Every structure is written in C-alpha cells, then in structure tokens.
Amino acid sequence: MSLDELTEKELPVSEEIQFAQSSSKFRTLSPGPIPIPAAPSIRSLAESVSDARANVDVMASHQSENGTISTASSTVSLIESEKAAYEYLPQTPIKSTDAHLVEFSEAMRTVAKALRRVAEGKAAAQAEATEWKRKYELETAQKQQSKIKGCSCCSSNNLEKLASQLTLETPVSDQSVCCGKHGICSHEVLQDEVPGPNPRSSHKMVGRKASFKLSWGCNGDKNGQHKHDFVSFEKGDITTAERSNKQILLKWESPPQTVLFITKPNSNSVRVLCAEMVRWLKEHKNLNVFVEPRVSKELLAEDSYYNFVQTWDNDEETKLLHTKVDLIVTLGGDGTVLWAASLFKGPVPPVVAFALGSLGFMTPFPSEQYRECLDNVLNGPFSITLRNRLQCHVIRDAAKDELETEEPILALNEVTIDRGISSYLTYLECYCDSSFVTCVQGDGLIISTTSGSTAYSLAAGGSMVHPQVPGILFTPICPHSLSFRPLILPESVTLRVQVPFNSRGQAWASFDGKDRKMLSPGDALICSISPWPVPTACLVDSTTDFLRSIHEGLHWNLRKTQSFDGPRE
C-alpha cells in the first residue's frame, strides 16, 4: 500500500495534518548537500542554528508518531536549542585577515632592523678600512720626505750625502733625527726635496729649491723658540702650556730662487701688473719666473723681452712644480688662490696673494705696494696661515673593496653634495668614523674647511671660523627639519657620506665648485683632512688678516653708533 493510501484510509484527521507538516519539512530538507564554509562567520552560525531547528522539528515529528514525546515537549527543546546556540555565538572567536597583516608587518619590521644593523656594521668596517688606508698613505708620504737642511745640530756631511742620494722617486732610506730646537722644520709641513737629475723633466726646470723652517713666534722670546710640551701630566693634573702668541713664522734658510705666477684670466689690469712684476723680479731680484702657458703666450705676444719666462707643457711637468718652485704669487681674488692650490696635488709652496678680485678673505696684500710686500716676503721671516685642505675619495658601489677608489680630489674651501637638477630631496646617510651622524633630507650638504667657512657654508647658515682652528664644518643646505643645525667636528675624523639604495634620485658632488661627479645609490664619498696644507703669507698675522677680511668683505656687524643723548641715571 502506498503512503497516500495509508494516509487516506487508516490515519485520523489530526494525525494526517501532523504527517503532512512533517512531510513538508522533509521536503524542505530534501535539496542537495549544504556547502561547509571554510571559516566560521555570523552568517554560517545563523544558518547552523536554523538547520538545528529543522532537525529538532524532524525528530519531534518522528517521535510523535511513536507516541513518546508530545508537541509541547518538542517546542521546549527547540527553544533551549536556540538559546544554547545564541549563547555560543559571542564566545566563538572571529578571525580575519587583519591579524595576518599585523603578524606580517611585525616580521617585516624585524627584518628591517636586522638589515639596518648589517648596514651599520658594513659602514663601520668601511670607515675603518678607509682610515687604515689614509694612515698608510700618510706614512708612505712621510717616508718620502727629505732630510732637514740647515739645522745647527745636524751634521753637514750627512746633509751633503743625503742631497746626492735623494731623487723624486726614491724614498729616503736613512732618516736622521732633527735636534728639535728650531721649531717646526720645513719637512713637517711641506715636502722639501732636493731631487737629482731627472731625464723626464724639462730642461727649463730649475734644479734646487730654497729651504726654510717654521717656528712659533712667542712674545718676549728673542730666538722664537716654542715650548714643545704643550700638554703636561704633572702629579696627576692635566695642564696646558701657556703661549702668548701662536702665530706661525716662516724663515728662509737659503734665499728663494724661483717664483710661480698665477693670474686671473681676462683682465687687462692683471695682465699689465703681471708683466710689470715679472720684469721687476728679474731685473732687481734675479729670480727665475714660472707662469702658466696662457700667461706665457700673452707676455711673449706683448714683448720678446719675456723670453726668460718658463712654463710647462703637460700634466707630468705640472706634478713636478712643487719640487722647483719656492714661492707662488697670485694676482686675483680668492678664486685665483683656489686655482693655484688645485695645481698641487701634494705639498704646496708658500702663497703670496695680491688682492685684485671682488672678495679678499685669502688675499691680504695690496697690489699697489707689491715691491715692499715682496721684499718683506723674500727677506723674511713672515707670518703664514696653514690652511687645511679636504682629501676626498669617491667609492662606487661596483667597487670590489674600499681600496678601489677613484683618484683623490683636494678641496681648499668645501665639498658640496646637492640634488642637481632633480626635483627630489637629497637623501644622504652620514657617518663620522664608525659612528652614525644623521640622514640628510634637503637640498644637500656642505663639508667645509675652516678657510671655507666664509664661503658657501656661511651662505647656508654656518659659522665663521678662524682659518687656523683645527676643524671640519658640517653644514646642511635647506634641510627639511627645523632642528638640523650646523656642526663643527674635529679635524682628525673621517666623514663618510653615502647615497642609500632607497634614495629616489642621484646626488652630485662638487669640489671647490668644480670637478662635478654624480653619486648613484650605493656610492659613497670619503672626506678627511689632507696631510698637505696650503701656507698663505699674512700681511700682519692670521687673526688681524681674518678680522680685516670679514669687516671689509662682509661689513660684519656694521651699524650706526648708539646716540649719547639717551636717559641717564
């Protein structure tokens, strides 16, 4: 008998209604399998509650057929099931992708910290390697320096033997010790060599240089001696020796024989004055005169009388100038002094700078009194200012090690690292020895000597510093930070400026305004004080010349005097 026939014949009306309801519920549960969600959610929990309610109804309908549970009891069990489901709902943890993002960001932060530590370690190792290289080069240069000439305690026989043995390319094998009673001898500041015949040099080159010594000028001390124990440690106390005057004096021990002229180009007044000074030095002082190739052509075009003027033809002869020239005379402004210093990659002879330019921070001598000024310098002694230079090395990212650098560049004023034509801010990482200094974000950075403190560094907000103060200026250019103020670091440090790999663009480095080089991400610039300063002659002394230059050149602190008719007590 079929289900329909059984329903029509045997079941009463009430049972027929209940069976119809149960069969309809069976039909609602009859569709295909419900997909199981991957992760529980509020919607899935609601669907599970509805499914549980349907299951309870089905069980209740089946059990009512057997006569064991009534309809009221099934309703109570359904309410309890719903209540239990809703109590379970807030206790179920709801996971989302935000938790995974948080975990991922924490992991990336840990990786970034590890990479930062590795980068700092690499920078420290690179700085240490650069410092060892600098010390090695300095020691090698000192070994090639000549013996001291003219010391009363040194044997004349040893000096003659040394003069016959020394050449430009042969290092000194026997180093005699100076007596130390004559101040700072010439070899301690400038390399004073007495080279023998060199087949590669020009026949025009002169064969011997004038010797000199440097001493500290002390008030009340007639012989100009300097107390060498500047710092003493007596009885556990640290004291410094008192010196009334720290001015450095240069005294010739043999008369100078050769003068090099460096002039400002494209100036008729400078050309006329140069011809007049060259004629006067030749006729009245009987000195050999070197000039630049450009100046030599100008003089010969003016008069054949200047055939005695000597010059150089190539870079190889330029490298030998410091072994032949006793004195440098510059006619121009500070730019002419910078150009004269750039011709000497090693030691620099004393420079006498005549003021024929717009600014004169390094040109104290008046051109109208050139005879008197040159007489004082040639006869000596005279005050000098030792102006430090920066020695810079560019290390490319493709270099195998820190020793693989480009040719060193010397700068008397400053090294400027800027953003060039790029619209992005420069992003530079700066290290001092093995210590991290800062990250520069702005238009650039200026690393300046104290002589260059009155140049670009001053325009960028840096301090004016006396040129004999031993220091390096660290000045930002338009930094994007209100708290980024300039620094003055000791001259003994080595600075490393690196363009990081995450920089948006390149940086450009220029040295005294020329020799511009591009620094790509990963490249670095190493800066330290060169062992060869530029000695410039003083009109009076270093301090007087410096104060006069900022008063006259910059009109420093000029204002009207306060009136005397103010209120009185």
Side-chain angles (χ1 to χ4, degrees), residues 202 204-205 258-282 287-322 324-345 348-371 373-374 377 387 389 409-414 416 451-452 454-456 510-516 534-537 549 553:
S202 173
K204 294 182 179 181
M205 292 292 185
T258 307
V259 178
L260 169 64
F261 275 83
I262 304 294
T263 64
K264 181 175 68 172
N266 305 321
S267 175
N268 293 328
S269 59
V270 170
R271 187 182 304 110
V272 172
L273 181 61
C274 177
E276 182 181 344
M277 293 178 68
V278 167
R279 182 187 293 267
W280 181 78
L281 287 175
K282 182 63 177 178
L287 295 179
N288 301 306
V289 178
F290 271 82
V291 296
E292 298 176 271
R294 170 185 56 83
V295 180
S296 176
K297 294 179 181 178
E298 293 175 354
L299 292 176
L300 290 176
E302 180 180 346
D303 193 344
S304 59
Y305 167 80
Y306 297 100
N307 284 328
F308 64 89
V309 172
Q310 304 179 40
T311 186
W312 56 91
D313 299 325
N314 49 51
D315 294 338
E316 292 298 325
E317 293 183 1
T318 307
K319 295 178 181 179
L320 300 175
L321 279 177
H322 72 279
K324 312 300 179 183
V325 174
D326 299 323
L327 195 67
I328 301 175
V329 174
T330 65
L331 304 178
D334 290 344
T336 309
V337 178
L338 296 178
W339 170 248
S342 67
L343 295 176
F344 297 86
K345 306 304 180 183
V348 185
V351 179
V352 181
F354 287 90
L356 289 166
S358 55
L359 285 178
F361 296 105
M362 294 186 287
T363 56
F365 291 94
S367 59
E368 300 82 7
Q369 305 173 10
Y370 74 87
R371 290 182 175 88
C373 295
L374 287 178
V377 170
R387 300 181 181 273
R389 291 191 289 179
I409 303 174
L410 297 176
L412 178 57
N413 264 0
E414 76 277 315
T416 304
S451 296
T454 52
Y456 196 0
S510 58
F511 310 88
D512 283 341
K514 56 182 182 296
D515 297 330
R516 198 164 173 83
V534 177
T536 58
S549 67

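What you see is a predicted model, and the numbers here were worked out from it, not measured in a lab. For the single chain, residues carry numbers from 1 onward in sequence order.
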Looking at [X] and [Y], what are the two nearest heavy atoms and their distance?
X	Y	value
Lys319	His322	O-ND1, 3.2 Å
Ser549	Gly360	CB-O, 3.8 Å
Arg387	Phe361	NH2-O, 3.8 Å
Ser367	Ala355	OG-O, 4.2 Å
Asp326	Pro349	O-CB, 3.9 Å

Test your reading of the model: is there a side-chain donor-acceptor pair from [X] to the backbone of [Y], 3.5 Å cut-off?
X	Y	result
Thr311	Val291	yes
Ser342	Trp339	yes
Asp512	Glu414	yes
Lys264	Leu356	yes

Less than 4.5 Å apart, any side-chain heavy atom of [X] and any of [Y]?
X	Y	result
Gln310	Thr258	no
Val348	Pro535	yes
Cys373	Pro366	yes
Val295	Cys274	yes
Phe354	Val270	no

Value rounded to 0.5 Å, distance of [atom1] in [X] from [atom2] in [Y]:
X	Y	atom1	atom2	result
Phe290	Ile328	CZ	CD1	12.0 Å
Thr263	Arg294	OG1	CZ	4.0 Å
Asp515	Leu410	CG	CG	10.5 Å
Leu287	Leu327	CG	CG	9.0 Å
Leu338	Phe511	CG	CZ	14.5 Å
Thr336	Leu331	OG1	CG	8.0 Å

query = Should Val259 and Leu374 be marked as a side-chain contact (heavy atoms from CB on, under 4.5 Å) after you check the CA-CA gap, both sets of side-chain angles, and the distance that decides it?
reply = CA-CA 11 Å; Val259 178; Leu374 287 178; over 6 Å; no
If you count every heavy atom of other residues, nucleotides or ligands that lies below 6.0 Å from [X] atom [atom1], does the total exceed 12?
X	atom1	value
Asn314	CG	yes
Phe261	CZ	yes
Lys297	NZ	no

inquiry  = Under the side chain to side chain contact (heavy atoms under 4.5 Å, CB included) test against Arg389, which residue among Leu412, Ile409, Asn413 passes?
reply    = Leu412
ask   = Taking the inter-plane angle between the rings of Phe308 and Tyr306 on a 0 to 90° scale, is it parallel (under 30°), tilted (30 to 60°) or perpendicular (over 60°)?
value =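 Because their plane-to-plane angle lies in the 30° to 60° range, the rings of Phe308 and Tyr306 count as tilted.
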inquiry  = Please verify the inter-ring angle class for Trp280 with Tyr370; under 30° counts as parallel, over 60° as perpendicular, anything in between as tilted.
reply    = perpendicular
request  = For the pair Phe344 and Val351, evaluate side-chain contact (heavy atoms from CB on, under 4.5 Å) and give the outcome as yes or no after the intermediate values.
outcome  = CA-CA 12 Å; Phe344 297 86; Val351 179; over 6 Å; no
ask   = How far apart are the C-alpha atoms of Lys324 and Asn288, what are their side-chain angles, what is the distance that settles it, and do they pass the side-chain contact (heavy atoms from CB on, under 4.5 Å) test?
value = CA-CA 10 Å; Lys324 312 300 179 183; Asn288 301 306; over 6 Å; no
inquiry  = Applying side-chain contact (heavy atoms from CB on, under 4.5 Å) to Glu292 and Trp312, what does each step give before you reach the verdict?
reply    = CA-CA 7 Å; Glu292 298 176 271; Trp312 56 91; 3.9 Å; yes
